[in-house]
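What follows is a short report on a single structure.
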Amino acid sequence: MTSQYWLLKTEPNEFSIDDLKAKGSNGEPWDGIRNYQARNFMREMAMGDTVLIYHSACAVPAIVGEGKIIKTAYDDHFALDPKSKYFDEKSSADKNRWSLVDVAFVEKWQKPVPLSTIKTVKALSEMKLVKQSRLSVSPVTADEYEVLITLK
DNA sequence: GCCAACGTTGGC
DNA sequence: GCCAACGTTGGC
């Protein structure tokens, strides 16, 4: 199967694309996903899939660059750690509700593509980012990806 | 900081 | 299984 495309939201105050870059080839576990739809998309991700990194809850919400999947879905150990802010009392070692994938930095776009621009492009009007604004992990079609990289 | 959208929880 | 109450996300 050919590589797929996804969009991952992150708040730059918490973890920005520069933070991802600083992690280098080891990448970073994409933690804190506590939404079933988002989790299910993470479980579909394959090695080498491209992820678009999106900065949300900031001055200019925008797609700011690209990463890739370097480890497919595995149990989210943060859900089992009472000291973690992502602790989930309803998860246990043999019944963990949540998953993580590891993401590594690929490229920071020279020009971010703001949500305000995306909203004006007809070919991007069906993006989950636009239609389901609160979803933090979502699929991007190959066609949408091709359009997006012309805007960067 | 406001508020719309919407996912989750829990009583019944 | 319905639905009200509540909490969170995230654009503006």
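Heavy-atom basis, side chains included; hydrogens, waters and symmetry copies ignored. In this text the structure is predicted, and so the values were computed from the model without any measurement.
- Under the 4.0 Å criterion applied to side-chain N and carboxylate O atoms, Asp75(A) and Lys95(A) are not assigned as salt-bridge partners.
- For the pair Lys85(A) and Phe87(A), the NZ or CZ position fails the cation-pi test of under 6.0 Å to the six-membered ring centre and within 45 degrees of the ring normal.
- Between Tyr86(A) and Phe78(A), the ring planes are perpendicular. Angles over 60° get that label, and only those under 30° would be called parallel.
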Using a cut-off of 4.0 Å between protein heavy atoms and nucleotide atoms, how would you tag nucleotides 2-12 of chain B 5' to 3' with B, S and -?
---BBSSSS--

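- Residues that satisfy the side-chain contact (heavy atoms from CB on, under 4.5 Å) test with Lys90(A), not counting sequence neighbours, are Asp88(A), Arg97(A).
- Classification of Lys152(A) and Glu107(A) as a salt-bridged pair holds, one side-chain N sitting under 4.0 Å from a carboxylate O.
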